[in-house]
Amino acid sequence: MSSEDGSAIARELKTHVTILGGIIAVMWLVEIVDTSLRGALNIYGIIPHEEIGLRGILFAPFLHGDFVHLAANTIPFLTLGWLIMLRETSDFFVVSAITMLVSGAGVWLTGEPGSIHIGASGVIFGYLGFLLFRGYFERSAVSLFVSLFVGFAYGSMIWGILPTLPGVSWQGHLFGFIGGAIAARFLAQQKHRG
C-alpha cells in the first residue's frame, strides 16, 4: 500500500469517526438536557395520528427515555452505521434518511393514539435490514459476507419487530427494518445503473 493510499484510508476513517461521533454526541447532549428538564423534550417524539406528531419523524431518533435506553442504542448505532459507511460514506446518509422516514411514518400511521415514540432503535433496525438485504440485492461476495456477519452478530435483534415487550415501539423496529430493505434495493439499483 502506498503512502497516498494510507493517507486516503486515514482521512476516510477520520470522516467516519467525525460523523458517527458527532451524531452520538448530539444524542447524549440531548439526553443530558432532557434529563435536566425531567423528560420535557420527549413531547417532540412521534405522536401517532396527530399532525403535530409528524415532527417526531425527524426528532425521535435523537430522544431517549433515559441514559440506559440511550446506552443500549449507542453501540449498535455505531457498529451498524460504520458497516454501512465502509463501502461509501454517502450510503450512510441515504440509509439513515430512508429508514427515519419509513420507520417514522409507519409508527405515526400504526402506533397507539396518544402514545409517544422516541429512540434511535427504528433507525438501528433500518441499518440491520439494510445490511442483511444488501447482500441479496447486490449479490457481490463482499456484501454477502457482510450480510452473513451481521446476521450472525445481530440476528437475534430480529425478534424486536414483534410486539413482545410492553412499552417498546415494535412498530418503529418493524418499519425501520422495512425501510432498511427498501434502502438496500434502492442503492443496489443505483449502483447497477452507475
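Just so we're clear, the structure is a prediction, and the values are computed from it rather than from any experiment.
Side-chain atoms of Ile46 and Phe59, non-hydrogen and from C-beta on, never get closer than 4.5 Å to each other. Proximity of Arg55 to Tyr44: side-chain heavy atoms (C-beta onward) are separated by under 4.5 Å at one or more points. Looking at Phe186 and Val94, their side chains come closer than 4.5 Å, going by heavy atoms from C-beta outward. Annotation: side chain of Thr35 is in contact with side chain of Phe67 (closest heavy-atom distance under 4.5 Å). Using a 4.5 Å cut-off on side-chain heavy atoms (C-beta onward), Val146 and Arg87 make no contact. Between Ser115 and Gln171, every side-chain heavy-atom pair lies at or beyond the 4.5 Å cut-off. Glu88 has its side chain out of reach of Leu187: every pair of non-hydrogen atoms, C-beta onward, lies at least 4.5 Å apart. At a threshold of 4.5 Å between non-hydrogen side-chain atoms, the residues His173 and Ser121 count as touching.
Within a 6.0 Å sphere centred on CD of Glu12, other residues, nucleotides and ligands contribute more than 12 heavy atoms.
For the pair Asp34 and Leu41, the tightest heavy-atom approach, listed with the atom from each and the gap, is OD1-N, 2.8 Å. For Ile116 against Asn42, the heavy-atom pair with the smallest separation is CG2-O, 3.1 Å. Residues Asn73 and Ala120 share a closest heavy-atom pair of ND2-N, 3.5 Å. Heavy atoms only, all atoms of each residue included: Val30 and Phe62 are closest at CG1-O, 3.4 Å. Here the closest non-hydrogen pair linking Phe125 and Gly160 is CZ-CA, 3.9 Å. Across every non-hydrogen atom of Pro61 and Met27, the tightest pair is O-CE, 3.6 Å.
Leu101 and Phe175 are not part of a single hydrophobic cluster, where members link through side-chain heavy atoms under 4.5 Å apart. Both Ile43 and Leu58 belong to a common hydrophobic cluster when Ile, Leu, Val, Met, Phe, Trp and Tyr are linked at side-chain heavy-atom distances under 4.5 angstrom. One hydrophobic cluster, built from ILVMFWY side chains closer than 4.5 Å, holds both Leu162 and Phe177. Hydrophobic clustering (side-chain heavy atoms under 4.5 Å, transitive across Ile, Leu, Val, Met, Phe, Trp, Tyr) keeps Leu54 apart from Ile118. Hydrophobic cluster membership is shared by Leu131 and Ile19, with clusters built from Ile, Leu, Val, Met, Phe, Trp and Tyr side chains linked at under 4.5 angstrom.
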#### Entry: Criterion side-chain contact (heavy atoms from CB on, under 4.5 Å) on Tyr154 and Thr79, from CA distance to verdict
CA-CA 10 Å; Tyr154 285 96; Thr79 306; 3.3 Å; yes
### Message
As a quick check of understanding, evaluate side-chain contact (heavy atoms from CB on, under 4.5 Å) for Phe130 and Ile84, giving each step before the final call.
### Response
CA-CA 8 Å; Phe130 173 80; Ile84 292 170; 3.7 Å; yes
### Worked check of side-chain contact (heavy atoms from CB on, under 4.5 Å) between Leu70 and Trp28
CA-CA 7 Å; Leu70 177 55; Trp28 280 87; 3.3 Å; yes
### Query
So Ser143 and Lys191, side-chain contact (heavy atoms from CB on, under 4.5 Å) or not? Walk me through it.
CA-CA 13 Å; Ser143 61; Lys191 288 182 187 348; over 6 Å; no
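For an aromatic pair to be called close, the ring centres must be under 6.0 Å apart, and Phe77 with Tyr127 satisfies this. Aromatic ring centres of Phe92 and Trp82 lie farther apart than the 6.0 Å criterion allows.
In this structure, Ser147 contributes its side chain and Gly135 its backbone to a donor-acceptor pair below 3.5 Å. Here the side chain of Thr99 pairs a donor or acceptor atom with the backbone of Ser96 at under 3.5 angstrom. Of the possible donor and acceptor atoms, one in the side chain of His49 sits under 3.5 Å from a partner among the backbone N and O of Gly111. Of the possible polar contacts, none joining the Trp108 side chain to the Glu51 backbone as a donor-acceptor pair under 3.5 Å is found.
The cationic atom of Arg139 (NZ for Lys, CZ for Arg) lies less than 6.0 Å from the six-membered ring centre of Tyr136 and within 45° of the ring axis.
Residue Phe133 holds its CZ atom at 9.5 Å from CG of Leu128, rounded to the nearest 0.5 Å. Note that CD1 of Ile23 and OG1 of Thr74 are 12.0 Å apart. Values are rounded to the nearest 0.5 Å. If you take CD on Glu138 and CG on Leu144, they are separated by 9.0 Å, rounding to the nearest 0.5 Å. Note that the CE atom of Met157 and the CD1 atom of Ile124 stand 6.5 Å from one another [nearest 0.5 Å].
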